[in-house]
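The residues of the chain are indexed from 1 along the displayed sequence. In this text the structure is predicted, and so the values were computed from the model without any measurement.
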Amino acid sequence: MFEDSRPIFQQLAERIVDDILRGRYEEGGQVPSTNELASYLRINPATAGKGLGLLVDRGILVKRRGIGMFVAEGATERIAAERRDRFVQDFIQPMLAEASTIGLDRAALRRLIDESQTPDESAPGAEAGTHPAVGPETE
(Lines give C-alpha, C1' and ligand atoms only; values in the text may rest on other atoms or scores of the structure.)
Protein backbone atom coordinates (compact mmCIF):
# COMPACT_ATOMS: atom_id res chain seq x y z
CA MET A 1 0.00 0.00 0.00
CA PHE A 2 2.79 2.43 0.96
CA GLU A 3 6.48 2.33 0.06
CA ASP A 4 9.12 2.09 2.75
CA SER A 5 11.39 4.60 1.02
CA ARG A 6 9.42 7.78 1.82
CA PRO A 7 7.38 8.99 4.77
CA ILE A 8 3.77 7.77 4.72
CA PHE A 9 2.34 11.27 5.24
CA GLN A 10 4.05 12.45 2.02
CA GLN A 11 2.76 9.45 0.08
CA LEU A 12 -0.75 10.07 1.44
CA ALA A 13 -0.61 13.72 0.38
CA GLU A 14 0.51 12.69 -3.12
CA ARG A 15 -2.34 10.20 -3.41
CA ILE A 16 -4.88 12.84 -2.46
CA VAL A 17 -3.37 15.21 -5.02
CA ASP A 18 -3.60 12.46 -7.65
CA ASP A 19 -7.25 11.88 -6.72
CA ILE A 20 -7.95 15.62 -7.10
CA LEU A 21 -6.37 15.62 -10.57
CA ARG A 22 -8.39 12.55 -11.57
CA GLY A 23 -11.61 14.22 -10.42
CA ARG A 24 -12.36 11.98 -7.46
CA TYR A 25 -12.39 15.05 -5.22
CA GLU A 26 -13.73 18.18 -6.86
CA GLU A 27 -12.87 21.75 -5.97
CA GLY A 28 -15.07 22.77 -3.07
CA GLY A 29 -15.74 19.13 -2.27
CA GLN A 30 -14.94 17.44 1.01
CA VAL A 31 -12.10 14.96 1.41
CA PRO A 32 -12.09 12.18 4.03
CA SER A 33 -11.32 13.25 7.57
CA THR A 34 -8.13 12.42 9.43
CA ASN A 35 -9.90 9.64 11.32
CA GLU A 36 -11.57 8.24 8.19
CA LEU A 37 -8.22 8.08 6.39
CA ALA A 38 -6.48 6.57 9.41
CA SER A 39 -9.14 3.89 9.78
CA TYR A 40 -9.42 3.10 6.06
CA LEU A 41 -5.66 2.99 5.46
CA ARG A 42 -4.79 1.52 8.87
CA ILE A 43 -2.33 4.27 9.71
CA ASN A 44 -1.85 6.44 12.76
CA PRO A 45 -4.29 9.42 12.84
CA ALA A 46 -1.31 11.74 13.46
CA THR A 47 0.24 10.52 10.19
CA ALA A 48 -3.02 11.12 8.30
CA GLY A 49 -3.30 14.56 9.91
CA LYS A 50 0.25 15.41 8.89
CA GLY A 51 -0.49 14.46 5.27
CA LEU A 52 -3.63 16.60 5.21
CA GLY A 53 -1.77 19.43 6.93
CA LEU A 54 0.86 19.36 4.23
CA LEU A 55 -1.86 19.98 1.63
CA VAL A 56 -3.39 22.77 3.72
CA ASP A 57 0.05 24.42 3.88
CA ARG A 58 0.32 24.18 0.06
CA GLY A 59 -3.12 25.73 -0.41
CA ILE A 60 -4.55 22.54 -1.94
CA LEU A 61 -6.98 21.89 0.92
CA VAL A 62 -8.78 24.30 3.22
CA LYS A 63 -9.98 23.62 6.75
CA ARG A 64 -13.50 24.51 7.77
CA ARG A 65 -13.56 24.42 11.53
CA GLY A 66 -15.95 21.80 12.83
CA ILE A 67 -16.91 20.69 9.31
CA GLY A 68 -13.83 19.15 7.72
CA MET A 69 -11.30 19.52 4.93
CA PHE A 70 -12.23 20.67 1.46
CA VAL A 71 -10.45 21.00 -1.88
CA ALA A 72 -9.50 24.65 -2.37
CA GLU A 73 -10.81 26.61 -5.34
CA GLY A 74 -8.11 26.66 -8.04
CA ALA A 75 -6.36 23.62 -6.57
CA THR A 76 -6.64 21.52 -9.72
CA GLU A 77 -4.93 24.13 -11.90
CA ARG A 78 -2.29 24.80 -9.24
CA ILE A 79 -1.50 21.08 -9.00
CA ALA A 80 -1.42 20.70 -12.80
CA ALA A 81 0.94 23.69 -13.13
CA GLU A 82 3.28 22.26 -10.47
CA ARG A 83 3.26 18.88 -12.23
CA ARG A 84 3.92 20.46 -15.64
CA ASP A 85 6.90 22.39 -14.24
CA ARG A 86 8.27 19.26 -12.56
CA PHE A 87 7.69 17.23 -15.76
CA VAL A 88 9.69 19.71 -17.81
CA GLN A 89 12.52 19.74 -15.27
CA ASP A 90 12.60 15.98 -14.61
CA PHE A 91 11.89 14.61 -18.09
CA ILE A 92 11.82 17.10 -20.95
CA GLN A 93 15.08 18.92 -20.19
CA PRO A 94 17.07 15.67 -19.69
CA MET A 95 15.48 14.21 -22.83
CA LEU A 96 16.47 17.24 -24.89
CA ALA A 97 20.01 17.08 -23.51
CA GLU A 98 20.29 13.37 -24.36
CA ALA A 99 18.79 13.94 -27.82
CA SER A 100 21.41 16.60 -28.47
CA THR A 101 24.18 14.29 -27.23
CA ILE A 102 23.18 11.52 -29.64
CA GLY A 103 22.59 13.89 -32.55
CA LEU A 104 18.80 13.97 -32.71
CA ASP A 105 17.29 17.28 -33.77
CA ARG A 106 13.86 18.35 -32.51
CA ALA A 107 12.12 17.14 -35.68
CA ALA A 108 13.57 13.63 -35.24
CA LEU A 109 12.69 13.70 -31.56
CA ARG A 110 9.09 14.68 -32.37
CA ARG A 111 8.86 11.78 -34.84
CA LEU A 112 10.11 9.36 -32.19
CA ILE A 113 7.55 10.66 -29.72
CA ASP A 114 4.75 10.44 -32.28
CA GLU A 115 5.75 6.87 -33.12
CA SER A 116 5.87 5.81 -29.48
CA GLN A 117 2.80 4.32 -27.89
CA THR A 118 1.62 5.78 -24.59
CA PRO A 119 0.05 3.64 -21.83
CA ASP A 120 -3.46 5.08 -22.35
CA GLU A 121 -3.24 4.35 -26.10
CA SER A 122 -2.23 0.71 -25.65
CA ALA A 123 -5.07 -0.75 -23.62
CA PRO A 124 -8.17 0.53 -21.88
CA GLY A 125 -7.46 1.27 -18.24
CA ALA A 126 -3.70 0.80 -18.57
CA GLU A 127 -2.46 3.88 -16.78
CA ALA A 128 1.07 4.13 -15.45
CA GLY A 129 1.43 4.87 -11.76
CA THR A 130 -2.17 4.33 -10.72
CA HIS A 131 -3.09 3.37 -7.20
CA PRO A 132 -6.27 2.66 -5.29
CA ALA A 133 -8.12 5.71 -4.02
CA VAL A 134 -7.03 6.86 -0.57
CA GLY A 135 -10.25 6.86 1.33
CA PRO A 136 -13.91 5.97 1.46
CA GLU A 137 -16.20 7.73 -0.95
CA THR A 138 -17.45 11.08 0.34
CA GLU A 139 -20.50 12.94 -0.81
Heavy-atom check, side chain of Ile20 versus side chain of Leu55, under 4.5 Å = no

State the CZ-CD distance between Phe87 and Gln93, to the nearest 0.5 angstrom.
-> 11.5 Å

Is a side-chain N or O of Gln10 found less than 3.5 angstrom from the main chain of Leu54, in a donor-acceptor match?
-> no

Transitive ILVMFWY side-chain link Val31 to Val17, under 4.5 Å | yes

Ile16, Val62: one ILVMFWY side-chain cluster at the under-4.5 Å cut-off?
-> no

Show me the donor-acceptor pairs within less than 3.5 Å that the side chains of residues 101-108 make with the rest of the protein, sequence neighbours left out.
from	atom 1	to	atom 2	distance (Å)
Thr101	OG1	Ala97	O	2.9
Asp105	OD1	Ala107	N	3.3
Asp105	OD1	Ala108	N	2.8

Can you tell me how far CD1 of Ile60 sits from OG1 of Thr76, rounded to the nearest 0.5 angstrom?
-> 8.5 Å

Can you sort out the partners of Arg78 under salt bridge (Lys or Arg N to Asp or Glu O under 4.0 Å), two or more places apart, ordered by chain and number?
-> none

What residue pairs, at least two apart or across chains, pass side-chain hydrogen bond (donor to acceptor under 3.5 Å, both in side chains) with a residue in residues 60-71?
-> none

Could you give me the CA-CA distance, side-chain angles and deciding distance for Thr47 and Leu12, then say whether side-chain contact (heavy atoms from CB on, under 4.5 Å) is met?
-> CA-CA 9 Å; Thr47 301; Leu12 173 61; 5.8 Å; no

Which atoms form the tightest heavy-atom contact between Gly51 and Ala13, and what is the distance?
-> O-CB, 3.7 Å

Using salt bridge (Lys or Arg N to Asp or Glu O under 4.0 Å) as the criterion, list what pairs up with Glu115, not counting sequence neighbours.
-> none

How far does CD of Glu77 sit from CG of Leu21, to the nearest 0.5 angstrom?
-> 9.5 Å

List in chain and number order the residues that pass salt bridge (Lys or Arg N to Asp or Glu O under 4.0 Å) with Arg110, two or more places apart in sequence or in another chain; answer none if no residue qualifies.
-> none

State whether the side chain of Ser116 and the backbone N or O of Leu112 hold a donor-acceptor pair below 3.5 Å, judged by distance alone.
-> yes

Apply side-chain contact (heavy atoms from CB on, under 4.5 Å) to the pair Ile8 and Leu41, showing each step before the final yes or no.
-> CA-CA 11 Å; Ile8 291 173; Leu41 297 171; over 6 Å; no

Distance, nearest 0.5 Å, that separates CD1 of Ile92 from CZ of Arg86 = 14.0 Å

Any salt bridge (charged side-chain N to carboxylate O under 4.0 Å, His left out) pairs touching residues 48-62, not counting sequence neighbours?
-> Arg58-Glu82

Taking a hydrophobic cluster as the set of Ile, Leu, Val, Met, Phe, Trp and Tyr residues connected by side-chain heavy atoms closer than 4.5 Å, whether directly or through intermediates, do Val56 and Phe70 fall within one such cluster?
-> no

Evaluation steps, salt bridge (charged side-chain N to carboxylate O under 4.0 Å, His left out), between Asp18 and Arg83 | CA-CA 10 Å; Asp18 287 346; Arg83 290 269 180 102; 2.3 Å; yes

Under 4.5 Å between side-chain heavy atoms, hopping through other hydrophobics if needed: is there a path connecting Ile43 to Leu52?
-> yes

Taking every non-hydrogen atom, the tightest pair across Ala72 and Gly59 | CB-O, 3.3 Å

Determine whether more than 12 heavy atoms belonging to other residues, nucleotides or ligands lie under 6.0 Å from atom CZ of Arg6.
-> yes

Do Leu109 and Ile113 come close enough that some side-chain heavy atom pair is under 4.5 Å?
-> yes

Would you say Val71 and Leu61 make side-chain contact, with heavy atoms under 4.5 Å?
-> yes

